[in-house]
Amino acid sequence: MDALQDEVESLEAILMDDVRIKRTSSGDVEQIETTVLPLTGEEEEQQYVCVTLQVQPTPGYPEESPTFKLLRPRGLDDARLEAIRSACNAKIKESLGFPVVFDLIEVVREHLSGSNLPSGQCVVCLYGFADGDEFTRTECFHYLHSYCLARHLNALRRNYQEEFDKLPAWLQKTADPFQALCPVCREHIGDETDSLKCAMPPSELLNAPDFKVTEELRQMQQRMSELYLQQKSRGAIIDVKAEGSVVISIETEEDIRRRRRREDAEAAKKLEAPAKDEAIKPTTSSTFAPVVQETQRIMPEPTNNNYHHNRRHYRGGRRHHQHSHHHRAERDREPNAATAQANGGGSTSNSGNGKQAKAQSASSGHAR
């Protein structure tokens with residue numbers, strides 16, 4: 001471990017902020033990481049490729065071989081990465097028993113300096129980078145032909161202007177300004193449209209043959225046509241005209257919770273309804289017997305008007321209205337009896353007329 005500590009101190013003294021040391025809670029070195037760039041002297045803008053080297057020392061380092069990773073490569077294709085990885089493995093086997101981290105950094109730097117030209121393809125034209133091509137490295141370390149990047153930025157600006165013109169005037173005042181984006185990772189990059197106007201197309205694009213429909217392309221078109229008809233028969237093809245009038249409703253999390261609570265409440269009501277019906281439904285053995293509740297009639301309290309009305313009928317310690325009703329009933333019975341005798345009626349009619357007379361006298365007395 002002393003050899004590792006000495007090596008880490010040397011790396012920090014040489015690379016300074018370019019090396020990052022990760023330690024454990026006990027202070028032991030767990031990981032060494034640095035970004036390796038090609039040697040271009042003072043012209044840093046000419047560093048077109050880079051890769052991050054990450055080394056994990058083993059407990060028995062340097063007697064045991066460490067492990068390493070090549071992370072975040074820029075401008076390197078798989079073949080270049082595999083070549084660098086093979087060279088690092090060979091250096092580790094050669095330096096077994098000695099500190100090897102600094103030697104690994106030098107091996108990676110030599111490979112990058114020997115081919116300081118981005119490999120792979122331009123994501124816009126899908127052609128590679130050849131000698132003499134003008135290319136640009138973005139701030140996010142992606143490489144494109146300068147001609148292709150200019151076309152990409154022009155297309156972005158044209159789309160932005162079309163969307164901006166659709167906005168009402170009050171929204172145009174608060175709209176975000178145009179921002180150039182990397183076509184690979186969509187990160188913000190500098191708008192270099194003016195400086196890229198005079199960029200020449202890549203050589204492979206200029207020398208590319210004219211497009212012709214080959215037999216292979218016809219066969220592929222036939223297969224794609226059959227696949228399209230198969231998907232359409234299964235309803236997997238979206239009809240743009242039919243879907244144009246469909247409104248898509250997007251539910252928020254709160255709307256989803258409310259809908260679920262409402263559905264749960266409705267389901268609970270449906271479960272309770274059959275239980276209530278079973279409780280109310282009579283069985284075949286029982287007989288229906290209505291329950292009659294006895295209620296006590298509550299008479300209204302006498303008011304002052306009723307009190308004075310009753311007082312008017314008390315004369316000489318007797319109820320005068322009862323006395324007047326008695327004499328009036330006798331007077332009513334005499335003409336009724338005379339009429340019954342003239343008509344030859346019997347005792348039954350007399351008794352009936354008498355009852356009717358009493359009823360009439362009683363009603364007239366109450367009216368008074």
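Along the sequence shown, the residues carry numbers beginning at 1.
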Within the side chain of Gln54, is there an N or O that forms a donor-acceptor pair under 3.5 Å with the backbone of Leu71?
no

Going by side chain to side chain contact (heavy atoms under 4.5 Å, CB included), name the residues that satisfy it together with Arg137, two or more places apart in sequence or in a different chain.
Gln47, Phe141, Tyr143

The criterion is side chain to side chain donor-acceptor pair (under 3.5 Å); which residues satisfy it with Arg23, sequence neighbours excluded?
none

Go through it in stages, so that I can follow the logic: the residues are Asp133 and Tyr127, the test is side-chain contact (heavy atoms from CB on, under 4.5 Å), and I'd like the CA-CA distance, side-chain angles, deciding distance and then a yes or no.
CA-CA 11 Å; Asp133 290 346; Tyr127 286 111; over 6 Å; no

Between Lys166 and Glu163, does any NZ, NE, NH1 or NH2 come within less than 4.0 Å of an OD or OE carboxylate oxygen?
yes

Show me the side-chain donor-acceptor pairs of residues 85-114 shorter than 3.5 Å, one per line, residues at least two apart or across chains.
residue, atom, partner, partner atom, Å
Arg85, NH1, Glu82, OE1, 3.1
Ser86, OG, Glu82, O, 3.0
Asn89, ND2, Arg85, O, 3.3
Ser95, OG, Lys91, O, 3.2
Glu106, OE2, Arg109, NH1, 3.1
Ser113, OG, Leu39, N, 2.7
Ser113, OG, Arg109, O, 2.9

Those residues at least two apart in sequence (or on a different chain) that pass side chain to side chain donor-acceptor pair (under 3.5 Å) with Ser195 are none

Nearest 0.5 Å please: distance from the NE2 atom of His152 over to the CG atom of Leu181.
6.5 Å

Does the pair Glu263/Arg259 count as a salt bridge with the N-to-O cut at 4.0 Å?
yes

Atom CZ in Arg151, atom NE2 in His145: separation rounded to 0.5 Å?
11.5 Å

Applying side chain to side chain contact (heavy atoms under 4.5 Å, CB included) to Thr174 and not counting sequence neighbours gives Leu171

Interatomic spacing from CG in Leu149 to SG in Cys122 - rounded to 0.5 Å
8.5 Å

Using side chain to side chain contact (heavy atoms under 4.5 Å, CB included) as the criterion, list what pairs up with Leu206, not counting sequence neighbours.
Pro201

So does Arg258 pair up with Glu254, basic N to acidic O under 4.0 Å?
yes

